[in-house]
*Asks:* 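After the structure tokens below, expect a handful of questions from me.
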There are 2 protein chains.
Amino acid sequence: MTQNVYKAHDHHVCIDSAVSRARALCEEQGARLTPVRQRVLELVWANHKPVGAYDLLPKLAEEGFNSAPPTVYRALDFLLDLGLVHRISSLNAFIGCTHPGEAHPSCFFVCRECGEAQELDAEQVNTIARQAEAMLGVKVEQQMTELMGLCPRCQASA
Amino acid sequence: MTQNVYKAHDHHVCIDSAVSRARALCEEQGARLTPVRQRVLELVWANHKPVGAYDLLPKLAEEGFNSAPPTVYRALDFLLDLGLVHRISSLNAFIGCTHPGEAHPSCFFVCRECGEAQELDAEQVNTIARQAEAMLGVKVEQQMTELMGLCPRCQASA
DNA sequence: GGAGATTAGGTTATAATGTTGCAATTCTAC
DNA sequence: GTAGAATTGCAACATTATAACCTAATCTCC
């Protein structure tokens with residue numbers, strides 16, 4: 001399992017390591033982690049809940065960044081391209097990737113109560129893809145899986 | 001495999017059987033397959049491509065149905081609730097379910113060229129869900145998987 | 001079969017999310 | 001240092017989805 005969101009942890013470590021992995025990855029790829037891009041990444045990592053593009057706008061504005069939709073979407077697209085964040089389609093929201101660098105399908109569990117998301121290892125999704133390729137002749141290029149339900153904490157407090 | 005979209009077939013049969021299954025299911029559940037609802041279902045089944053809610057509006061208008069967004073969204077919500085259609089989140093679009101009635105995760109392959117979608121059996125998605133439940137203590141209630149790539153036909157013509 | 005409850009649909013407005021196009025700036029590599 | 005590429009600023013707009021409120025149809029139960 002990539003990392004367990006439900007275990008107590010010092011969240012600053014999450015943010016810091018996300019940023020340093022991003023820096024390294026950009027270095028490696030010859031991409032530029034500009035201030036807006038880095039700040040957007042940090043804001044996405046502010047917690048383990050997927051965040052909407054429009055939620056980021058006012059935060060960027062507060063800090064003197066330009067804040068029009070294209071600014072945020074461009075930063076998010078950049079981060080998506082590098083695999084630094086994933087998009088949770090069913091929520092129109094974005095969340096930090098826990099293991100960027102390695103190509104992998106997007107696979108998350110999202111709690112419908114608290115909204116926290118847990119990235120999952122997704123070997124089985126690859127199985128689905130390979131099976132579809134074998135049986136139907138399709139060629140799979142991208143994969144995403146989203147599970148919804150209740151996280152352990154929200155089950156307990158229900 | 002539920003049904004192979006890439007095989008030649010008489011598509012009227014798809015539409016007709018979708019409607020009769022819907023009728024049966026509504027009967028069984030004490031739900032009402034009103035004219036708008038049935039027409040929306042037929043339009044969703046017009047082909048094997050996911051269709052946007054706003055694409056349906058003008059078609060309904062042509063036929064004298066009321067056509068404001070709420071009308072379509074209400075019909076789609078109804079069909080979603082009964083499991084007669086699925087929502088493809090990554091496209092903000094809707095597609096007919098090939099085996100309504102049986103509860104099952106939404107699992108599709110979508111061709112990025114032609115837009116056609118193929119529903120997949122998703123036993124592996126259930127495996128992912130059970131594994132997440134066992135390892136993380138989450139409770140999964142809904143599941144969706146979306147694969148993107150090239151269908152056999154579009155690979156051939158590339 | 002009629003009163004009250006429930007469900008469905010009509011209508012208007014608006015919210016939320018995402019994109020296009022173009023000009024200005026900054027960076028990079030030669 | 002200058003050309004070309006990448007990035008950002010900015011304004012407008014496109015697309016998708018929902019809220020709120022009301023009317024009409026249908027069902028239920030006596």
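Lettering follows sequence order; numbering is per chain, from 1. Source: prediction; values computed, not measured.
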*Asks:* Could you give the CZ-to-P distance, from R74(A) to dT20(C), as a whole number of Å?
*Replies:*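 Going from CZ in R74(A) over to P in dT20(C) covers 12 Å.
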
*Asks:* How do N92(B) and F65(B) order along DNA chain C: which one's closest nucleotide is nearer the 5' end?
*Replies:*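 Mapping each residue to its closest nucleotide by heavy atoms, the 5'-most match is F65(B).
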
*Asks:* Considering only NZ, NE, NH1 and NH2 on the basic side and carboxylate oxygens on the acidic side, decide whether E123(B) and R130(B) come within less than 4.0 Å.
*Replies:*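 Salt bridge between E123(B) and R130(B), a charged N being under 4.0 Å from a carboxylate O: yes.
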
*Asks:* Roughly how many Å is it from OH in Y54(A) to P in dT18(D), rounded to a whole number?
*Replies:*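 Value for this atom pair: 16 Å.
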
*Asks:* Return the nearest nucleotide to the side chain of P69(B); candidates are dG18(C), dT7(D), dA17(D).
*Replies:*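 Side chain of P69(B) sits closest to dA17(D).
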
*Asks:* Where the side chain of T34(B) is concerned, which of dG9(D), dA8(C), dT17(C) is the nearest nucleotide?
*Replies:*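 Between dG9(D), dA8(C), dT17(C), the one nearest the side chain of T34(B) would be dA8(C).
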
*Asks:* Would you mind telling me which of dT8(D), dT19(C), dG18(C) lies closest to the side-chain atoms of F94(A)?
*Replies:*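 The answer is dG18(C).
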
*Asks:* Parallel, tilted or perpendicular: which fits the ring planes of W45(B) and H11(B), with parallel below 30° and perpendicular above 60°?
*Replies:*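 Ring orientation of W45(B) relative to H11(B): tilted.
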
*Asks:* Report the nucleotide, chosen from dA8(C), dC10(D), dA6(D), that has the shortest atom-to-atom distance to any side-chain atom of P70(A).
*Replies:*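 Ranking dA8(C), dC10(D), dA6(D) by closest atom to the P70(A) side chain puts dC10(D) first.
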
*Asks:* In whole Å, what is the span from the CG atom of N66(A) to the P atom of dT26(C)?
*Replies:*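 That distance rounds to 14 Å.
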
*Asks:* Is it true that E62(A) and K59(A) have a side-chain N and a carboxylate O under 4.0 angstrom from each other?
*Replies:*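 No.
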
*Asks:* In this structure, how many angstroms lie between the P atom of dG9(C) and the CZ atom of R37(B), rounded?
*Replies:*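 Atom CZ in R37(B) sits about 5 Å away from atom P in dG9(C).
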
*Asks:* Which value, rounded to the nearest 0.5 Å, describes the distance between I95(B) atom CD1 and K49(B) atom NZ?
*Replies:*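 Taking CD1 in I95(B) and NZ in K49(B), the distance rounds to 10.5 Å.
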
*Asks:* Round to a whole Å and report the spacing from CG of L56(B) to P of dT15(D).
*Replies:*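 Spelled out: CG on L56(B) to P on dT15(D) is 15 Å.
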
*Asks:* Output the rounded distance in Å from OH (Y73(B)) to P (dT14(C)).
*Replies:*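 Spelled out: OH on Y73(B) to P on dT14(C) is 19 Å.
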
*Asks:* Rounding to an integer number of Å, can you tell me how far L57(B) CG sits from dT11(C) P?
*Replies:*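 Between P of dT11(C) and CG of L57(B): 14 Å.
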
*Asks:* As a test of reading the structure: which of dT7(D), dT19(C), dG18(C) is closest to the side chain of R87(A), going by heavy atoms?
*Replies:*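 The closest nucleotide is dG18(C).
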
*Asks:* Determine whether the side chains of E119(A) and H86(A) contain a donor N or O and an acceptor N or O closer than 3.5 Å.
*Replies:*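 The criterion, which ignores hydrogens and geometry beyond distance, is satisfied for H86(A) and E119(A).
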
*Asks:* In whole Å, what is the span from the CG atom of L76(B) to the C1' atom of dG9(C)?
*Replies:*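 Those two atoms, CG and C1', are 15 Å apart.
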
